[in-house]
Amino acid sequence: MTYPMRAQKPFSRAILDWYDSHARTLPWRSLPGVRPDPYHVWLSEIMLQQTTVVTVGPYFEKFLAAWPTVADMAAAPLDDILTAWAGLGYYARARNLHKCAIAVTKEHGGRFPSSLDALLSLPGIGPYTAAAIAAIAFDQPETVVDGNIERIIARLYRIETPLPAAKKEITVAADELTPEKRAGDYAQCLMDIGATICTPRNPKCDQCPVEKACAARAAGDMERFPVKPPKKVKPTRRAVVFWIERPDGHVLLRRRPEKGLLGGMMEFPSTDWREEMISIDAALQEMFGSAALRLDAGETLELVRHTFTHFHLQLRPVVIRLKNARDNRVPEGEWVSSSDFSSRALPTLMQKVVAAVEKGQGSLAL
DNA sequence: CAACCGTGGCC
DNA sequence: TGGCCAAGGTT
């Protein structure tokens, strides 16, 4: 095929040479050739799953300041982890982060294991993250395959098989190129190249240290790879969400179920998320078992729009101002002053609801 | 295997 | 403006 298959060492050497002069300085990254703290590597790798470097930066610093060691994190309440994670998304990562910290503390004496298998058995650590930690933190010659490296390999060999079926083929090819020494630096270098040069669109091939080895570059069809299946249409779900405020200004929050969408995070009570928007009357009936409220003009606020991985959501916020502190029609939950929302595990969707309510002023009395 | 699971930035 | 995409893992 092309030269990298026949000449593994020149390929990895070219990559590492490039890295020594072009490596980005990132908060979790040590100098080339220096082993970083496995706790830092783990924390950053979990945060970086499907998340950009720019987004992760401040969260990484915040977590390290709050929990300097994995034992500190293990000792923290899950809600503190979720609160700190709020806004980062994919909240199962935060729940698994906590589980993993506990497992490392209790079952591994507070030290991360260095073997691929032991790492794979930990919560939230899959094939990519296990290989990344083993290579970067423990200098083991494991093959790291993330989205960047998939793209680089797919272009290098012009792999026509669509993802995710191509994953095995790509991993085999990547494995043949992984160097015995400095596999961690090598992996980070490939990811740097993927993020800055071998980008999904408009790749900067003239800056690439392995341009000459790339089959897609030679054919001039880099952007065709990796081949991906067509996207599915996202349905839209709609609901009424309630900002229920007591006379003392505290607002009702509820905790979502442990698993599933926004699992374990806080929310404003809402009607079920259905395909069709529910009427305000029906929403009041569903939430309070009573529609005995007069609806005046201006009581509803701007529609909150949010897109999740697999559906769009539209929430119609309705503000309810309670006349009495206690009202048995109101569901159970936690009453929180809006000035304390920042210390709560409110996902971005719910922050959008806060913004919509603060921007508007219409309300209903109950 | 395919569905599920967030969010922000880019063009 | 909206689909696409990002240092994936779990079920």
Side-chain angles (χ1 to χ4, degrees), chain A residues 24 26-29 36 40-60 82 85-97 99-100 119-133 135-137 142-152 162-168 171 174 184-196 198-203 223 226 228-237 256-265 267 305-313 345-352:
Chain A
R24 294 187 290 176
L26 301 174
W28 45 86
R29 184 175 284 181
H40 297 188
V41 175
W42 164 71
L43 178 59
S44 66
E45 291 300 343
I46 301 298
M47 288 182 165
L48 286 164
Q49 290 169 4
Q50 298 289 284
T51 310
T52 59
V53 163
V54 174
T55 301
V56 165
Y59 283 88
F60 178 79
L82 291 174
W85 197 275
L88 248 194
Y90 285 136
Y91 297 99
R93 291 186 295 171
R95 303 194 296 272
N96 285 329
L97 190 79
K99 283 184 194 168
C100 185
L119 288 164
L120 269 173
S121 71
L122 291 168
I125 297 183
Y128 161 75
T129 307
I133 295 174
I136 297 169
E142 301 292 352
T143 297
V144 178
V145 182
D146 77 325
N148 289 304
I149 296 174
E150 277 180 357
R151 187 169 56 254
I152 292 171
L163 289 171
K167 179 82 175 180
K168 180 176 295 182
T171 301
D185 284 344
Y186 169 81
Q188 293 183 88
C189 178
L190 283 186
M191 293 188 281
D192 275 10
I193 290 172
T196 62
C198 195
T199 48
R201 283 163 299 185
N202 301 317
E223 294 192 10
K228 293 187 175 181
K231 302 292 178 183
K232 293 180 179 176
V233 178
K234 291 178 180 178
T236 299
R237 299 184 195 171
R256 292 179 59 85
E258 292 296 316
K259 294 183 177 178
L261 187 70
L262 307 178
M265 302 295 283
E267 68 172 0
R305 296 172 184 276
H306 193 76
T307 298
F308 292 105
T309 312
H310 52 296
F311 67 94
H312 303 287
L313 180 66
L346 285 174
T348 297
L349 166 64
M350 298 302 156
Q351 311 260 19
K352 287 186 182 179

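Throughout, a chain's letter reflects where its sequence line sits, starting with A, and its residues are numbered from 1.
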N/O donor-acceptor pairs under 3.5 Å from side chains in residues 144-151 of chain A, not counting sequence neighbours:
unit_1, atom_1, unit_2, atom_2, d
Asp146(A), OD1, Asn148(A), N, 3.2
Asp146(A), OD1, Ile149(A), N, 2.9
Asp146(A), OD2, Asn148(A), N, 3.4
Asp146(A), OD2, Asn148(A), ND2, 3.0
Asn148(A), OD1, Arg151(A), NH2, 2.8
Glu150(A), OE2, Lys167(A), NZ, 3.2
Arg151(A), NE, Cys198(A), O, 2.7
Arg151(A), NH2, Gly194(A), O, 2.8
Arg151(A), NH2, Cys198(A), O, 3.4

Please enumerate all residues that pass side chain to side chain donor-acceptor pair (under 3.5 Å) together with [X], with sequence neighbours excluded.
X	value
Ser44(A)	none
Arg256(A)	Glu267(A)
His310(A)	none

Query raised in the report: Taking only N and O in the side chain of His310(A), is any of them less than 4.0 Å away from OP1 or OP2 of dA3(B)?
Result: no

Report task. Please determine if a side-chain N or O atom of His306(A) lies less than 4.0 Å away from the OP1 or OP2 oxygen of dG6(B). Result ->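 For His306(A), the contact criterion (side-chain N or O under 4.0 Å from OP1 or OP2 of dG6(B)) is not met.
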
**Report entry** Position toward the 5' end of DNA chain B (nearest nucleotide), Asn202(A) or Gly260(A)
**Finding:**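 Looking at DNA chain B, the more 5' nearest nucleotide goes with Gly260(A).
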
Between atom [atom1] in [X] and atom [atom2] in [N], what is the gap in whole Å?
X	N	atom1	atom2	result
Leu349(A)	dC5(B)	CG	C1'	14 Å
Arg95(A)	dC4(B)	CZ	P	16 Å
Phe311(A)	dC5(B)	CZ	P	7 Å
Tyr59(A)	dG8(B)	OH	C1'	10 Å
Arg93(A)	dT7(B)	CZ	P	10 Å
Arg256(A)	dC5(B)	CZ	C1'	12 Å
His312(A)	dT1(C)	NE2	C1'	12 Å
Glu258(A)	dC5(B)	CD	P	15 Å

Requested in this report: Scan nucleotides 5-11 of chain C nucleotide by nucleotide, 5' to 3', and note B when protein non-hydrogen atoms come under 4.0 Å of the base, S if they reach only the sugar-phosphate, - if neither.
Outcome: SBBBSS-

Report task. Please work out if Ile149(A) contacts a base, only the sugar-phosphate, or nothing of the nucleic acid, heavy-atom cut-off 4.0 Å. Result ->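 No contact at all - Ile149(A) keeps every heavy atom at 4.0 Å or more from the nucleic acid.
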
Requested in this report: Would you mind classifying the nucleic acid contact of Pro164(A) as base, sugar-phosphate or nothing, using non-hydrogen atoms under 4.0 angstrom?
Outcome: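 No contact.
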
Report task. Answer yes or no: is there a side-chain heavy-atom contact under 4.5 Å between Asp192(A) and Arg29(A)? Result ->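 Yes, side chains in contact.
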
Query - Leu190(A) to Ile152(A) - nearest heavy-atom pair and separation - result: O-CD1, 3.2 Å

Atom [atom1], compared across [N] and [M]: separation rounded to whole Å:
N	M	atom1	answer
dG6(B)	dT1(C)	P	27 Å
dG2(C)	dC5(B)	P	23 Å
dA7(C)	dC4(B)	P	24 Å

Query - Contacts of His306(A) that satisfy ring pair (Phe, Tyr, Trp, His ring centres under 6.0 Å) - sequence neighbours left out - result: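 His306(A) satisfies ring pair (Phe, Tyr, Trp, His ring centres under 6.0 Å) with Phe308(A) only.
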
